[in-house]
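Below is one structure; the comments refer to it alone.
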Amino acid sequence: MERTLVKDIQAHEGKEIMLSGWIHRIRDLGGVTFIILRDRSGRCQIVTNEAMELTQETVVRAYGKVCANDKAPGGYELALDHFDVLGPAAAELPFPVNGDPSKVGIELTLDQRMISLRNPQILSIFRLQASLVQYFAEYLRGRDFTEIKSSKMIGTGTEGGTSVFSVEYFDRKVFLAQSPQFYKQAMVSSGLERVFEIGHAYRAEKHETSRHINEYVSLDVEMGFIESEMDIIKLERGLLAYIFDRVNENNREDMEAWGATCPTGDQVLKAPVISHDEAKQIIRDKLDRRVFEISPEGERALCAWSEEEHGTPLVFVNEFPRRKRPFYTYPKGTKTMSFDLLFRGLEITTGGRRINEYAMLKETLPRFGMTEEQLGGYGDIFKYGCPPHGGFAIGLERLTQKIMGLGNIKECSLFPRDRKRVTP
RNA sequence: GGAGGCGUAGCGAAGCUGGUUAUCGCGCCGGCCUGUCAAGCCGGAGAUCGCGGGUUCGAUCCCCGUCGCUUCCGCCA
């Protein structure tokens, strides 16, 4: 007999069908037992008069007849004929699969990741995340961007101040890529002009906060033939507006699991662009004290300001000072053609125009205490003709976290890696 | 790396100005129950109160140390 998905049972009313899934909940009333079965499409009720030994999370095939019943959740239920047990489950689960995950500490949730991921509410985070990846790629492919996959093992050191992990590579050491920055620039220059990459990035920072993990997914974009960072901001506005519209269309259920809401595409288009100096002034006014840097508290203040003044929880900050940006950032006086995007109080993107002329790059290096040798092959991208270009990267887990309104980024990583955790 | 908070049963918590059987809810085990929706009712098992030391007649409670977790900060996506 062919399998029927839980979401389709009403179409089989009166017929014998077979469902496959996990025993989500058992309500044994003595003479009658109600069993909730869960599969990838949802949950439905199975009813039986027979007493049976069954544990939660046992994987079964359930044979029976679909009956309409007002008292059944969803209006239909399966009158059970019999179960085939495909995968028995031990009693006493290490994590409440059918409970409210917000009542459980994050430590247990992550220690028991293999089981906590079964929780439908937790799983909804990753359904949404998968959708974000899909929409991101959809939008870019539709605009002539080519997807690339670059190596995460790099032979030469670092591109910025961030520390990198080193790993053994036969008889020497290599580093885990902190971003695909140079490779995506190389691919712009190679003639693809427009590229994007979805891949892991590694940061060896010893930070321990609710917004950092040491391995994260970076949604990277790079594009040739631009004038300034404003072209990149425009691209990201359109991209995020598309992603958010699609989320609001297709991911309602995922968001409802957490009582979350996603901004509209229109709100993304309304996001203001303010300079780094303006941003500091706004924070100064809001917090009523002197401000020298945009701190996390300042980021929250900026988003609150944007919400009040522009009706959007997003704000672009551009014209960062040169010393706050990596050496390859295109200068503009003492400032740079670069930007951050803040969303609901958190930085989710850094981007900007990059230096595309070898002479300018060479001139810039000493300011960062670097030499041409340290560039390795990077310099060749520009030595032999490279179009003006730029791009940005979105932190996938951060974006997920902010849409879902979750307190800790680790909840948005399937198997998070932090200072202490490398398992499961 | 710095600052704060928290470690009590499988999970989430209460407790104690220091007093001898450490409490509650969920879960688990057993019993009753034919329409449940976090089912209900009855019963039961389950805790060296993170670890080490100190103060005290007596410490889960106070003090010191240590380990773990967590939040915030620095830095970043």
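In the text below, chain A, chain B and the rest are named by the order of the sequence lines, each starting its count at 1. Only this structure's heavy atoms are used, side chains among them; waters, hydrogens and symmetry mates stay out.
With B:A77, B:C72, B:C75 as the candidates, the nucleotide lying closest to the side chain of A:R398 is B:A77.
Geometrically, A:R194 does not engage A:F196 in a cation-pi contact, judged by NZ or CZ lying under 6.0 Å from the ring centre and within 45° of the ring axis.
Protein atom CD of A:E208 is 6 Å distant from nucleotide atom P of B:U70, rounded to whole Å. Going from atom CZ of A:F34 over to atom P of B:C33 covers 16 Å, rounded to whole Å.
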Checklist entry - Can you give one letter per nucleotide of nucleotides 37-42 of chain B, going 5' to 3': B for a protein heavy atom under 4.0 Å from the base, S for sugar-phosphate only, - for none? => result BSB---
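At a cut-off of 3.5 Å, with distance as the only test, a side-chain donor of A:Y216 or A:R203 sits close to an acceptor on the other residue.
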Contacts under 3.5 Å, N or O only, protein and nucleotides 28-30 of chain B:
{"from": "B:C28", "atom 1": "O2'", "to": "A:E92", "atom 2": "OE1", "distance (Å)": "3.4"}

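Annotation: B:A47 and B:U8 have their C1' atoms spaced 7 Å apart (nearest Å). Taking the P atoms as reference points, B:G12 lies 35 Å from B:G35, given to the whole Å.
If you check distances only, the side chain of A:E77 does reach the base of B:G35 with a donor-acceptor pair under 3.5 Å.
Heavy-atom distances to RNA chain B give each of A:V47 and A:H212 a nearest nucleotide, and the one nearer the 5′ end belongs to A:V47.
A salt bridge links A:E308 with A:K286; the closest basic N to acidic carboxylate O contact falls under 4.0 Å.
Using a 4.0 Å heavy-atom criterion, one finds that A:T33 contacts no nucleic acid atom at all.
Checking the phosphate oxygens (OP1, OP2) of B:C73, a side-chain nitrogen or oxygen of A:R211 falls inside 4.0 Å. Side-chain nitrogen and oxygen atoms of A:N408 include at least one within less than 4.0 Å of the OP1 or OP2 phosphate oxygen of B:U71. Contact check, A:T350 against B:A77: a side-chain N or O comes under 4.0 Å of OP1 or OP2.
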